Amino acid sequence: MAKTIAAVATGNSISGIGVIRISGDSAIETAQKVFKSKDGTPLSSLKGYTAKFGNVYCDGESFDNAVALVFKNPKSYTGEDVVELSVHGGIFIVEKTLEAVLSAGAVPAQPGEFTKRAFLNGKMDLTQAEGVAELISAQGEEAAKASFNLLQGSLSNKISQVLDELIGCSALMAAWVDYPDEEIPELDEDNLKAILQNSASSLFDLLKNYENGAVMTQGVDTAIVGRPNAGKSTLMNMLSGTEKSIVTHIEGTTRDVVENSVRLGNIVLHLSDTAGIRESKDIVESIGIKKAMDKIKSASLILAVFDSSDILNDDDRMLIESCKGKPCVAVINKTDLESRIDLSQIKAHFDKIVFISAKNNEGTEKLEQAVKELLGVEGFDSSQPLLANRRQKLCVSNAYDYICRAIEGAKAGITYDAINVMIDSAADELLSLTGKKATEEVVNNIFSRFCVGK
Ligand code: GDP
């Protein structure tokens, strides 16, 4: 019998309501020791999906109004009996209600334990459980859509189709090996190759979309670089809508890397506003400049900012040089001023050039378009099944490799039972992805990254 667990399901902040979730065989009995409905109806007599208004109690004394919502197993999030107590969302009241529930016999839930129980009770597979975690941490529209699709089973369904093909194929091959005298017409060599090619191409599509998906859902590590006073901090402020970077007209103000996550349309940029790149004798500034150069090397996207109201100088040329071969957009700033910049030099080195006035907040849409084109995500479709993390990617890429080896084997005419070993290995990887064959260690690792209360 699984212990009855309890945790605060809502955030640790002052809010309209706070929810304490209780799950397990004695969830209703436990909740009843803490909650009394106004009309005296015991929670144990309620049908599932029923709410009751009443009070919560500690040591026989009521301390808040509450609504108790009862779910009966298996029709609940965890698949167990669940009671959710909604109280007023003050931090003290929520904590006090949880304390009362724990005193009544529940134990504190571990991170992700509700979702782990849902997985163990067959309410969702591992990819869907990961969808829950992704949805909670989603920072933008595309991330939220992709995680919701994961939670709805888009990836599970795709993987099930491939598994059906592989397992069907494996069964036929096993039959063929065991009963070679029987005619098994479906399994001629062409048919076998066609099934394997089909499975391989489904997995290949998932792998191909992984990088784009990661850009859209996890965001892009982005460096804003440029000579002092080009307008880097003003651009960062334009994108973030705050005054996070200090903007002054004195050169060399931004001496270190300032980090901030902002949304550019539906892409999240993890921005680093760096020290202006120039020759400097100031030790502190030089460290900042070194960090800026390192950032150019490591960032997935570089916004190289130039001041259009001035001619290009040695610092600009140094920047152009260090951006060579990097994923870079040239951002020509201060277009509200008269232009003095030699654009032919910029055009010779950058494929993507965008004109903005950071001070006047002009040019965001053009910048978004250029960034999407550069990263190759203009046609990104979050409604397609997506691999959400490295674990999922590794399982699919291993399965893909096994299938490719099986195809090669079939072409080379190796025995069916040898091919079958590879197909079974591919299927095992996919079963590990959905959790049907995942090790306890993998499962524990996934849920340990959840928040408490989910
Ligand atoms: P950074 O050193 O590259 O970070 O440059 P800042 O963002 O601190 O900007 C330097 C100066 O240029 C400040 O006085 C800004 O107000 C000004 N500035 C930045 N962007 C623009 C712009 O688009 N137009 C104009 N006219 N001035 C700008």
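Whatever order the structure lists ligands and atoms in, that order sets their numbers, starting from 1. Keep in mind that what you see is a predicted model, and the values were worked out from it rather than measured.
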Problem set entry | Lys/Arg-Asp/Glu bridge criterion (N-O < 4.0 Å) met for E429, K437 | no
Seminar exercise, completed: Quick note on ligand 1: atoms under 4.0 Å from a heavy atom of T234 include exactly 6 (P), 7 (O), 9 (O), 15 (C), 19 (C), 20 (N)
Exercise. Should A358 be counted as touching ligand 1, given the test is an N or O pair under 3.5 Å?
Worked result: yes
Exercise. Do K123's NZ or CZ and the ring of Y77 fall within the cation-pi criteria of under 6.0 Å and 45°?
Worked result: no
Seminar exercise, completed: Nearest non-hydrogen contact to atom 17 (C) of ligand 1 from the set M236, M238, K334, K232 belongs to K334
Problem set entry | Short N or O distance, T335 and ligand 1, threshold 3.5 Å exclusive | no
Exercise. Numbering the atoms of ligand 1 from 1, which are under 4.0 Å from a heavy atom of G231?
Worked result: 1 (P), 3 (O), 5 (O), 6 (P), 7 (O), 9 (O), 19 (C)
Exercise. Going by an N to O cut-off under 4.0 Å, is there a salt bridge joining E321 and R317?
Worked result: no
Exercise. How does N229 reach ligand 1, by side chain, by backbone, by both or by neither, if only non-hydrogen atoms under 4.0 Å count?
Worked result: both
Problem set entry | Approximate separation, where rounding is to 0.5 Å, of I296 CD1 and C323 SG | 5.0 Å
Problem set entry | Heteroatom proximity flag, L337 to ligand 1, N/O under 3.5 Å | no
Exercise. Can you list every salt bridge (Lys or Arg N to Asp or Glu O under 4.0 Å) pair that touches residues 346-363, not counting sequence neighbours?
Worked result: K352-E373
Problem set entry | Pair N198, E165: side-chain N/O donor-acceptor within cut-off below 3.5 Å | yes
Exercise. Applying a strict 4.0 Å limit to heavy atoms, is A230 in contact with ligand 1?
Worked result: yes
Seminar exercise, completed: Taken in chain and number order and not counting sequence neighbours, the residues that satisfy salt bridge (Lys or Arg N to Asp or Glu O under 4.0 Å) with E440 are none
Exercise. N/O to N/O below 3.5 Å, does that happen between N360 and ligand 1?
Worked result: no
Exercise. Of all the atoms in ligand 1, which lie at a distance below 4.0 Å from a heavy atom belonging to D336?
Worked result: 22 (C), 23 (O), 24 (N), 25 (C), 26 (N)
